[in-house]
Number of protein chains: 2
Amino acid sequence: MDGESLTYQLLRLVHAMDDATDAAIQDVLTELNLTHPLADALWQLDPAAPAPSMRQMAVRLRCDPSTVTFLADRLHQLSYVTRTAATGDRRTKVLELTDQGREARRRLVEAATTRTPLARLTAAEQRRLHTLMTRAMAPSATEEEKRYG
Amino acid sequence: MDGESLTYQLLRLVHAMDDATDAAIQDVLTELNLTHPLADALWQLDPAAPAPSMRQMAVRLRCDPSTVTFLADRLHQLSYVTRTAATGDRRTKVLELTDQGREARRRLVEAATTRTPLARLTAAEQRRLHTLMTRAMAPSATEEEKRYG
DNA sequence: ACATATACTTGGAGTCGTCAAGCATCGGAA
DNA sequence: TTCCGATGCTTGACGACTCCAAGTATATGT
């Protein structure tokens with residue numbers, strides 16, 4: 001319907017994919033007492049990676065530090081994370097998953113990966129997609145990438 | 001860092017793409033006095049397609065009808081849309097772009113398509129990506145697709 | 001005509017998000 | 001050591017978005 005460019009069509013597809021995945025896991029979010037912003041935050045907390053500071057979370061979520069305070073409060077109320085002062089710098093607080101938090105995140109990731117429309121592609125197709133998306137997102141990204149340690 | 005599946009990695013990439021594109025057009029949104037939800041709504045209003053009713057917008061945006069009322073109010077305040085009663089059914093109201101609305105949408109789409117990381121791919125790569133994404137999003141989508149007329 | 005359904009709006013409440021200001025801590029210079 | 005400017009987080013105020021429940025207007029079928 002729209003005589004627009006290929007890039008435009010791709011943008012629509014990517015957005016629709018994100019949207020469809022979100023919609024597909026709505027029931028799990030409800031079970032886990034999570035909203036989308038909270039689920040995004042939980043998603044960032046990879047149990048296999050070092051626990052991030054509040055500030056690092058703010059960078060990853062592209063939001064104000066005070067928003068991280070808010071989200072961390074909520075996740076703490078749900079017993080999904082703990083906030084502990086970093087060793088060596090008592091200003092910095094580190095977000096760590098609790099056992100419940102790890103389990104909640106596992107369920108979240110499982111639901112998302114099994115229900116997303118992406119799951120309908122074959123492994124070979126997924127690999128091709130991965131290659132293309134990685135190339136698009138590759139370094140020299142937006143140059144506004146001062147690393148944050 | 002995460003021993004997760006390929007699908008998981010793809011989800012991260014797709015989400016990051018959507019996020020990066022949003023971030024890249026922030027200044028344009030500010031110029032146009034748009035927030036993200038408002039920009040999403042404006043994005044849906046393709047000038048080349050028939051003007052949608054409020055309800056159709058609610059379906060497209062996956063939100064409550066009252067939210068569309070709210071968004072349409074804002075877009076109207078900005079002189080981007082008009083709300084006119086549909087011929088034949090005076091309950092139904094149709095959202096139409098004004099000239100300013102068309103221009104705002106044009107700027108929005110232009111900024112998004114030129115600045116998204118997707119724009120770094122060659123035309124051939126974009127076509128491959130389009131094929132894969134289209135196949136993933138293809139019909140039998142989520143079956144919850146009763147059409148809405 | 002009348003009941004029922006549909007399209008939209010209104011009011012109330014809760015979540016999310018930012019900014020400005022404040023507190024605690026750190027690090028370097030005097 | 002002591003002081004001062006940065007840094008990390010929190011708080012408070014406010015606005016934007018979103019849903020739900022209830023209300024109004026119009027349409028449809030009996």
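Numbered from 1 within each chain, the chains take letters A, B, ... in sequence-line order.
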Distance, rounded to the nearest Å, where [X] contributes [atom1] and [N] contributes [atom2]:
{"X": "B:M54", "N": "C:dT6", "atom1": "CE", "atom2": "C1'", "value": "14 Å"}
{"X": "A:R91", "N": "C:dG27", "atom1": "CZ", "atom2": "C1'", "value": "8 Å"}
{"X": "B:F70", "N": "C:dA7", "atom1": "CZ", "atom2": "C1'", "value": "20 Å"}
{"X": "B:L95", "N": "C:dA7", "atom1": "CG", "atom2": "P", "value": "14 Å"}
{"X": "A:L71", "N": "D:dC9", "atom1": "CG", "atom2": "P", "value": "14 Å"}
{"X": "A:L75", "N": "C:dT15", "atom1": "CG", "atom2": "C1'", "value": "13 Å"}
{"X": "A:L34", "N": "C:dC16", "atom1": "CG", "atom2": "C1'", "value": "15 Å"}
{"X": "A:D40", "N": "C:dC16", "atom1": "CG", "atom2": "P", "value": "11 Å"}

Short question: side chain of [X], backbone of [Y] - any donor-acceptor pair under 3.5 Å?
{"X": "B:R107", "Y": "B:V28", "result": "no"}
{"X": "A:T114", "Y": "A:E110", "result": "yes"}
{"X": "A:E125", "Y": "A:T122", "result": "yes"}

*When we call it a touch if two heavy atoms are under 4.0 Å apart, what does B:T69 touch: a base, just sugar-phosphate, or nothing?*
base

*Does any donor-acceptor pair link the side chain of A:S66 with the base of C:dC19 at a separation under 3.5 Å?*
yes

*Establish whether the base of D:dT26 is bridged to the side chain of B:R90 by a donor-acceptor pair shorter than 3.5 Å.*
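In this structure, the two groups form no donor-acceptor pair.
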
*Where do B:D22 and B:R115 land on the salt bridge (charged side-chain N to carboxylate O under 4.0 Å, His left out) test, with the steps shown first?*
CA-CA 10 Å; B:D22 280 352; B:R115 300 182 190 176; over 6 Å; no

Contact under 4.0 Å: [X] side-chain N or O vs [N] OP1/OP2:
{"X": "B:K93", "N": "D:dA25", "answer": "no"}
{"X": "A:R55", "N": "D:dG8", "answer": "yes"}
{"X": "B:R83", "N": "C:dT9", "answer": "yes"}

*Mind grabbing the angle between the end helix axes of the helix from C:dA1-D:dT30 to C:dA30-D:dT1? Five pairs an end, 10° rounding.*
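Overall, the helix from C:dA1-D:dT30 to C:dA30-D:dT1 bends by 10° from one end axis to the other.
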
*asked:* Looking only at the side chains, is there a donor atom on one of B:T7 and A:T113 sitting less than 3.5 Å from an acceptor on the other?
replied: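 Distance-only check fails for B:T7 and A:T113.
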
*Distance, nearest 0.5 Å, that separates CG of B:D40 from NE2 of A:H15*: 4.0 Å

_Straight-line distance of A:D73 CG to A:R83 CZ, nearest 0.5 Å_ = 4.5 Å

